[in-house]
Amino acid sequence: MESVVSRLEDPIEPDFAWAFVVGTSSGEVGPEVLEQLVGELLMVPARVWRETFTGLLQYDDMAELERIVAPTLLVWGDADGLVTRDMQDQLTERIRCAELLVYTGVGHTPRSEDPSRFSVDVAAFVERLLTA
């Protein structure tokens with residue numbers, strides 16, 4: 001991904017956006033959702049893609065996880081092509097109050113791939129916090 005992103009130029013090629021979305025989504029994503037996600041990616045300038053991925057590769061996002069004390073909901077799709085289950089387990093272990101929900105057959109964007117379930121799960125998480 002680093003070598004591909006470093007060569008991106010404006011305008012972003014639709015084939016790149018389609019490949020990225022399809023590669024990080026499950027096979028169950030409907031064409032209308034794919035089109036929406038691709039459309040959103042095409043609005044992101046190449047400079048932002050490059051800066052974002054450079055930052056992601058340089059930043060150690062595990063360094064300060066133990067400092068998180070707020071209840072944390074992690075939502076992960078087991079068909080995610082970018083983030084592994086091992087990474088989710090590491091997050092769950094290092095964030096004291098983390099809860100992991102695994103969406104079977106869902107890719108990198110559970111909020112888009114299964115928005116109804118995602119909304120219900122987030123609302124239930126917040127409700128539990130408010131009534132605790």
Side-chain angles (χ1 to χ4, degrees):
M1 186 57 78
E2 180 182 7
S3 64
V4 171
V5 171
S6 68
R7 293 187 304 241
L8 285 178
E9 294 181 8
D10 290 320
I12 300 297
E13 291 290 327
D15 288 346
F16 168 79
W18 275 101
F20 186 87
V21 169
V22 169
T24 59
S25 301
S26 73
E28 304 300 316
V29 178
E32 66 285 343
V33 174
L34 288 175
E35 287 180 28
Q36 177 185 3
L37 293 171
V38 168
E40 290 172 2
L41 289 184
L42 290 173
M43 290 188 279
V44 178
R47 169 189 56 79
V48 173
W49 277 91
R50 289 190 300 272
E51 290 173 7
T52 298
F53 277 86
T54 297
L56 286 172
L57 293 171
Q58 292 174 351
Y59 175 69
D60 179 6
D61 59 353
M62 301 295 278
E64 298 186 39
L65 291 177
E66 286 85 5
R67 295 182 59 198
I68 299 173
V69 294
T72 304
L73 180 63
L74 303 171
V75 181
W76 176 72
D78 68 357
D80 189 332
L82 289 178
V83 182
T84 65
R85 174 60 192 249
D86 181 59
M87 175 58 72
Q88 298 307 309
D89 291 340
Q90 289 180 47
L91 292 172
T92 304
E93 289 171 14
R94 296 179 82 172
I95 300 171
R96 282 180 253 169
C97 299
E99 175 184 335
L100 174 63
L101 290 179
V102 177
Y103 285 35
T104 302
V106 172
H108 190 67
T109 55
R111 68 191 175 282
S112 298
E113 293 186 48
D114 195 346
S116 296
R117 178 178 176 194
F118 183 82
S119 299
V120 167
D121 288 342
V122 170
F125 179 76
V126 171
E127 183 65 28
R128 283 194 309 274
L129 294 177
L130 294 175
T131 59

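Here, residue 1 is the first one in the sequence, and each next residue gets the next number. Fair warning: this is a prediction, and the values are worked out from it, not measured in the lab.
Within the 4.5 Å cutoff, no side-chain heavy atoms of T109 are placed close to those of T24. Put simply, the side chain of H108 does not reach to within 4.5 Å of the side chain of V21, judged on heavy atoms. Side-chain contact check for E35 versus W18: some heavy-atom pair is nearer than 4.5 Å.
Contact between P110 and G77 at its shortest, heavy atoms only, is CG-N, 4.0 Å. Across V33 and S112, no two heavy atoms sit closer than the pair CG1-O, 3.7 Å. In this structure, M62 and M87 approach most closely via the heavy-atom pair SD-SD, 3.9 Å. When every heavy atom of E66 is checked against every heavy atom of A63, the shortest pair comes out as OE1-O, 4.0 Å. The two residues L73 and F125 come nearest to each other via the heavy atoms N-CZ, 3.6 Å.
Distance alone, capped at 3.5 Å, is enough to place a donor-acceptor pair between the E113 side chain and the G107 backbone. Of the possible polar contacts, one joining the R50 side chain to the L8 backbone as a donor-acceptor pair under 3.5 Å is found.
Residues V44 and L82 share a hydrophobic cluster, clusters being chains of Ile/Leu/Val/Met/Phe/Trp/Tyr side chains in contact below 4.5 Å. In the hydrophobic cluster analysis, where Ile, Leu, Val, Met, Phe, Trp and Tyr join through side-chain heavy atoms closer than 4.5 angstrom, L129 is grouped apart from V120. In the hydrophobic clustering of ILVMFWY residues, with side-chain heavy atoms under 4.5 Å counting as a link, Y103 and V29 come out apart. Follow the hydrophobic side-chain contacts under 4.5 Å out from V83 and you reach W49 in the same cluster.
From E51, atom CD reaches atom CG of L56 across 12.0 Å, with rounding to the nearest 0.5 Å. Rounding to the nearest 0.5 angstrom, the gap separating the CG atom in D10 from the CZ atom in R47 is 8.5 Å. Taking CG from L41 and CD from Q36, the interatomic distance works out to 10.5 Å, rounded to the nearest 0.5 Å. Taking CD1 of I68 as the reference point, atom CG of L91 lies at 8.5 Å (rounded to 0.5 Å). How far OG1 of T52 is from OH of Y59: 14.0 Å, rounded to the nearest 0.5 Å.
D78 is linked by a salt bridge (charged side-chain N to carboxylate O under 4.0 Å, His left out) to nothing, counting only residues two or more places apart in sequence or in another chain. Evaluation of the side-chain contact (heavy atoms from CB on, under 4.5 Å) rule for E28 yields S26 as partners, not counting sequence neighbours. Shown here are the salt bridge (charged side-chain N to carboxylate O under 4.0 Å, His left out) partners of D121, two or more places apart in sequence or in another chain: R117. With sequence neighbours excluded, no residue forms a salt bridge (charged side-chain N to carboxylate O under 4.0 Å, His left out) with E13. A search for salt bridge (charged side-chain N to carboxylate O under 4.0 Å, His left out) contacts involving R96 returns nothing, not counting sequence neighbours. In this structure, the side-chain contact (heavy atoms from CB on, under 4.5 Å) partners of L100, at least two apart in sequence or on a different chain, are L74, W76, R85, Q88, D89, T92, V102.
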